[in-house]
2 protein chains.
Amino acid sequence: MRMPATAPSQPGTNPSCQRVNQILGRMGDKWTILTITMLAQQPRRFNELKRLIGGISQQMLTRTLKALERDGMVTRTVHPTVPPQVEYALTALGGSVSLPLIELATWVVDHLDQIEMHRALHDHEADPPRT
Amino acid sequence: MRMPATAPSQPGTNPSCQRVNQILGRMGDKWTILTITMLAQQPRRFNELKRLIGGISQQMLTRTLKALERDGMVTRTVHPTVPPQVEYALTALGGSVSLPLIELATWVVDHLDQIEMHRALHDHEADPPRT
DNA sequence: CAGTATCCCTTCCGATACTG
DNA sequence: CAGTATCGGAAGGGATACTG
């Protein structure tokens, strides 16, 4: 286990919780994780992303991509073609975060049923008593 | 790469995006990830958690723990001692999700500086032009 | 200690309309 | 196609007071 005194990597054991939490907040953007995992497969164009993600508005996709650009996670490349084409791609940083992110998403996919089952069970126990 | 036809684990390549996203939303609760990583180290009591996380209100901690309980991630054990003691611990499911979660949190800790630097740079470029 | 109940403010996010 | 602008509702989340 690596834990140099100068940069504790074990979250929670150090006072950087607040800052970490702030970045984690970005991840929790509702669309960020999905967007990154989409781009992890290959660079994508705007509407292509929109179609793939499904259920996202242009508004939110734009915001998400802007935020990711600001954080240095994605690059935005404009191809001055006849119909304008803009391609989004992950940077090295974005690619590196996509790894743990995909692991997480994969975990969720693999345990979705289990979670939903447990939820149903829990909700059933706390069933509203009939009047 | 394991990808049985019955349960595609590669997120984004299947139509379960919405449901996955919904669970991921739970993770993005702003406090969930931090809470789980805290419990991953060892079981904790309510106020102990509150102190460790820092900056969370009882309200939010209660909500977060309740949600995690509902999802089958944590157990809540009441010890009927003189001052009531309640201990929260990760279930097997919670322990299993803590792995990718800690990886993610660790990634964030390790790249915090880089992200903040990139942000500052980006914001500087987009400096508001003086009137 | 370990919660529950309220209040209130902020941010998120979606829908729609418009532009280059 | 790839955005920007504006609006309004819904949800998230903090502070405080109260309870067993």
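In what follows, every heavy atom counts, from backbone to side chain, and hydrogens, waters and symmetry copies are set aside. Naming convention: chains lettered A, B, ... in sequence-line order (proteins, then strands); numbering from 1 in each chain.
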Distance, rounded to the nearest Å, where [X] contributes [atom1] and [N] contributes [atom2]:
| X | N | atom1 | atom2 | result |
| --- | --- | --- | --- | --- |
| L61(A) | dC1(D) | CG | P | 13 Å |
| L65(A) | dG3(D) | CG | P | 8 Å |
| F46(B) | dT4(C) | CZ | P | 8 Å |
| L49(B) | dA2(C) | CG | P | 9 Å |
| E87(B) | dC1(C) | CD | P | 15 Å |
| N47(A) | dG3(D) | CG | C1' | 9 Å |

Taking only side-chain nitrogens and oxygens of [X], does any of them come within less than 4.0 Å of OP1 or OP2 of [N]?
| X | N | result |
| --- | --- | --- |
| K66(A) | dT4(D) | yes |
| Y88(B) | dC1(C) | no |
| R45(B) | dC1(C) | no |

Heavy-atom closest pair, residues [X] and [Y]:
| X | Y | answer |
| --- | --- | --- |
| L52(A) | M38(A) | O-CE, 3.4 Å |
| G94(B) | I36(B) | O-CG2, 4.4 Å |
| W107(A) | S96(B) | NE1-OG, 2.5 Å |

Quick one: side chain to side chain donor-acceptor pair (under 3.5 Å) pairs with a partner in residues 70-87 of chain B, sequence neighbours left out?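 Non-adjacent pairs meeting side chain to side chain donor-acceptor pair (under 3.5 Å): R119(A)-D71(B), D123(A)-R70(B), R76(B)-Y88(B).
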What does nucleotides 12-20 of chain D look like as a protein-contact string, B for base, S for sugar-phosphate only, - for none, at under 4.0 angstrom between heavy atoms? -BBBBB--B
Please convert DNA chain D into dot-bracket. A pair counts if it is Watson-Crick or G-U wobble with both distances under 3.5 Å; crossing pairs go in [ ] and bases paired with another strand get |. ||||||||||||||||||||
Working note: L112(B) + E116(B), criterion side chain to side chain contact (heavy atoms under 4.5 Å, CB included); need CA distance, chi angles, decisive distance, verdict. CA-CA 6 Å; L112(B) 237 193; E116(B) 290 185 342; 3.6 Å; yes
Counting side-chain heavy atoms from CB outward, which of dG3(C), dA2(C), dA2(D) is closest to R76(A)?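 Comparing dG3(C), dA2(C), dA2(D) against the side chain of R76(A), the answer is dA2(D).
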